[in-house]
Amino acid sequence: MWLLPQPPPMAVTLSADAFDPFRRFSLYNSPFDAHDRGCAVDLYPSDADGDTLRPNPEGGPRIDAPSPVAGEVVETRTVRAPSQPYAADDDHLILVDTGEHVARLLHVEPAVSAGDRVAVGDSLGRLVRAGFFAPWVANHLHLGFRDYDANHHRAAGSLPLDLAPDLSADALEWDGTGTVVAAGDTFAVLDAPAHPASGERFAGIAATDADGRPVGVLDGGVPHYDCGGLLRSPGCTTPAGGAADVFLCGERVGRAEGRDVGWTDPVVLANGDPVTGIALALGRDHAGAKLVGEGIDLPVGTEVAVEVQSGEP
């Protein structure tokens with residue numbers, strides 16, 4: 001008996017309203033299967049100082065987790081997380097029936113229970129620093145969606161996500177230079193590229209084609225996570241169909257197939273020294289590059305020149 005090919009699952013479109021409570025987001029900046037092909041989004045509310053870039057110590061000041069969805073809570077449960085010296089012992093899963101899908105929310109110690117109704121922006125509880133986070137990652141909320149008849153507890157299997165056309169994000173050209181404005185043992189945040197409209201809309205670092213023309217906003221951990229994403233931006237012509245090379249700081253870093261980008265194993269240097277990579281995301285207040293790795297020695301005020309060296313030809 002011949003089996004007919006199944007159509008791909010329909011994407012869940014995230015409206016601009018879902019992002020209103022958050023200052024930063026990324027679909028691809030994660031090493032975990034749940035984010036494959038951008039099927040989940042990490043949403044960063046700010047801490048008490050308005051920051052979304054510095055790692056937040058577990059046991060530090062409370063960071064509230066606003067809900068990005070409206071609906072009825074159907075379950076909360078505690079789940080196991082990798083053991084890390086800087087993380088909480090457990091993570092948590094919240095399931096919300098949105099009326100169309102079941103939303104999966106992670107990294108929140110729930111202050112809600114089954115049967116509660118939530119609106120966008122309502123508090124779900126306190127963000128936890130989960131063992132799933134790399135040491136340079138700030139606290140955030142993880143969001144994905146499943147069909148009603150799907151397994152809601154396993155990590156992988158969420159539906160594809162799409163961004164609504166009214167969610168505008170600027171693609172910012174960057175020459176690889178900047179001054180460190182925030183730093184720690186595992187990260188350094190630069191002041192460049194500068195956000196053109198801080199607080200008004202999202203922006204991120206542009207990917208370009210071979211001729212230097214912006215083709216969208218680059219999202220993901222380059223090259224330390226397996227793949228990244230190319231998100232649409234006004235004024236950018238994204239590659240139509242097929243595959244296209246993607247460039248950063250004038251060097252080829254990956255190959256785009258649709259929205260997904262497979263890295264070509266580039267090497268990232270900061271003032272001549274190798275770093276693990278660049279953590280790329282879209283920010284509402286800050287768009288400067290975030291360099292990450294173990295033992296980064298780039299204090300605040302350091303002028304930095306980032307060089308990207310292409311990997312495989």
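Residue indices begin at 1 and follow the sequence shown. Just so it is clear, the structure is predicted and the values come from calculations on it, not from any experiment.
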Check whether the side chains of D17 and S15 place a donor and an acceptor atom closer than 3.5 Å, and report yes or no.
-> no
Kindly work out whether a path of hydrophobic side-chain contacts (I/L/V/M/F/W/Y, heavy atoms less than 4.5 Å apart) joins Y225 to L280.
-> no
Any side-chain heavy atom of V253 sitting closer than 4.5 Å to one from V246?
-> yes
Going only through I, L, V, M, F, W and Y residues with side-chain contacts under 4.5 Å, is there a path from L248 to V268?
-> yes
Is there a donor-acceptor pair closer than 3.5 Å between any side-chain N or O of R259 and the backbone N or O of G38?
-> yes
Is F22 linked to V96 within one hydrophobic cluster, defined over Ile, Leu, Val, Met, Phe, Trp and Tyr using a side-chain heavy-atom separation of less than 4.5 Å?
-> yes
Can you tell me if CG on D185 sees more than 12 non-hydrogen neighbours from other groups inside 6.0 Å?
-> no
Could you please spell out the steps behind the side chain to side chain contact (heavy atoms under 4.5 Å, CB included) verdict for T179 and L190?
-> CA-CA 5 Å; T179 302; L190 306 185; over 6 Å; no
Okay, side chain of H195, backbone of R201: is any donor-acceptor separation there less than 3.5 Å?
-> yes
Say whether, by atom type as modelled, one donor and one acceptor occur between the side chain of D219 and the main chain of L27 under 3.5 angstrom.
-> yes
Hey, what do you get for CG (L141) to CG (D42), rounding to the nearest 0.5 Å?
-> 8.5 Å
Does CZ belonging to R37 count more than 12 external heavy atoms closer than 6.0 Å?
-> no
Hey, what do you get for CZ (R24) to CG (N29), rounding to the nearest 0.5 Å?
-> 7.0 Å
Sub-4.5 Å side-chain heavy-atom contact between E303 and T177 = no
Whether T302 side chain and V180 backbone form a donor-acceptor pair below 3.5 Å | no
Does Q309 CD have over 12 foreign heavy atoms under 6.0 Å away?
-> yes
Any chance the side chains of D122 and S67 put a donor and an acceptor closer than 3.5 Å?
-> no
Can H152 and E75 be counted as having a side-chain donor-acceptor contact under 3.5 angstrom?
-> no
At their closest point, which heavy atom of S123 faces which heavy atom of V112, and how far apart are they?
-> O-CG1, 3.9 Å
Below 3.5 Å, can you tabulate the donor-acceptor pairs from side chains in residues 79-86 to any protein atom, sequence neighbours excluded?
residue	atom	partner	partner atom	Å
Y86	OH	F133	O	2.6

Please say which of V69, V41, V102 ends up in a side-chain contact (heavy atoms from CB on, under 4.5 Å) with F145.
-> V69
Quick one: pull up CG in D260 and CG in D36 and give me the separation to the nearest 0.5 Å.
-> 9.0 Å
Would you call the rings of F25 and F202 parallel, tilted or perpendicular if under 30° counts as parallel and over 60° as perpendicular?
-> perpendicular
Which value, rounded to the nearest 0.5 Å, describes the distance between T186 atom OG1 and L291 atom CG?
-> 11.5 Å
Can you tell me if D209 uses its side chain to pair, donor with acceptor, with the backbone of D211 under 3.5 Å?
-> yes
Dump the intermediate steps for side chain to side chain contact (heavy atoms under 4.5 Å, CB included) on R129 and N139, then the final yes or no.
-> CA-CA 6 Å; R129 183 153 190 78; N139 288 9; 3.1 Å; yes
Expected output: side-chain S158 to main-chain G144 donor-acceptor under 3.5 Å = no
Over all heavy atoms of both residues, which pair between R146 and N151 is shortest? Give the atoms and the distance, please.
-> NH1-O, 2.5 Å
Hey, is the main chain of V12 close enough, under 3.5 Å, to the side chain of H101 for a donor-acceptor pair?
-> no
Does the side chain of T208 pick up a donor-acceptor pair with the side chain of R213 at under 3.5 Å?
-> no
Do V215 and V308 share a hydrophobic cluster (ILVMFWY, side-chain heavy atoms under 4.5 Å, transitive)?
-> yes
Validation row: D64, P45 side chains within 4.5 angstrom (heavy atoms) = no
Please answer whether the main-chain N or O of H153 pairs with a side-chain N or O of R77 as donor and acceptor at a distance below 3.5 Å.
-> no
Check A70 against A119 and note the closest heavy-atom contact, atom names and distance.
-> CB-CA, 4.1 Å
Is a side-chain donor or acceptor of D91 paired with a backbone partner of H107 at a separation under 3.5 angstrom?
-> yes
Under the side chain to side chain contact (heavy atoms under 4.5 Å, CB included) criterion, do V120 and D20 qualify, and how do the steps go?
-> CA-CA 9 Å; V120 173; D20 281 348; 5.6 Å; no
Flag side-chain contact, heavy atom, 4.5 Å: H140 against L127 | no
What pair of heavy atoms forms the shortest contact from L53 to K290, and how long is it?
-> O-NZ, 2.6 Å
So OG1 of T78 and CG of D89: to nearest 0.5 Å the spacing works out to 11.0 Å
Between atom CG of L124 and atom CG of D116, what is the distance when rounded to the nearest 0.5 Å?
-> 10.0 Å
R154: what forms a side-chain hydrogen bond (donor to acceptor under 3.5 Å, both in side chains) with it, not counting sequence neighbours?
-> none
Without swapping roles, check the side chain of W263 against the backbone of G221 for a donor-acceptor pair under 3.5 Å.
-> yes
Go through the steps to decide whether V261 and R255 satisfy the test side chain to side chain contact (heavy atoms under 4.5 Å, CB included), and finish with yes or no.
-> CA-CA 5 Å; V261 178; R255 182 94 171 150; 6.0 Å; no
Within a strict 4.5 Å, meaning less than it, do heavy atoms of the V267 and L269 side chains meet?
-> yes
Closest non-hydrogen atom pair, E173 against G212 | OE1-O, 4.5 Å
Is any side-chain heavy atom of V306 closer than 4.5 Å to a side-chain heavy atom of W174?
-> yes
Common cluster, I94/F132, ILVMFWY with side-chain heavy-atom separation under 4.5 Å | no
Taking all non-hydrogen atoms of both residues, which atom of S26 and which atom of Y28 are closest, and how far apart?
-> OG-N, 3.3 Å
Side-chain heavy-atom pair Y44, V137 within 4.5 angstrom cut-off = yes
Side-chain touch R104/L143, heavy atoms, less than 4.5 angstrom = no
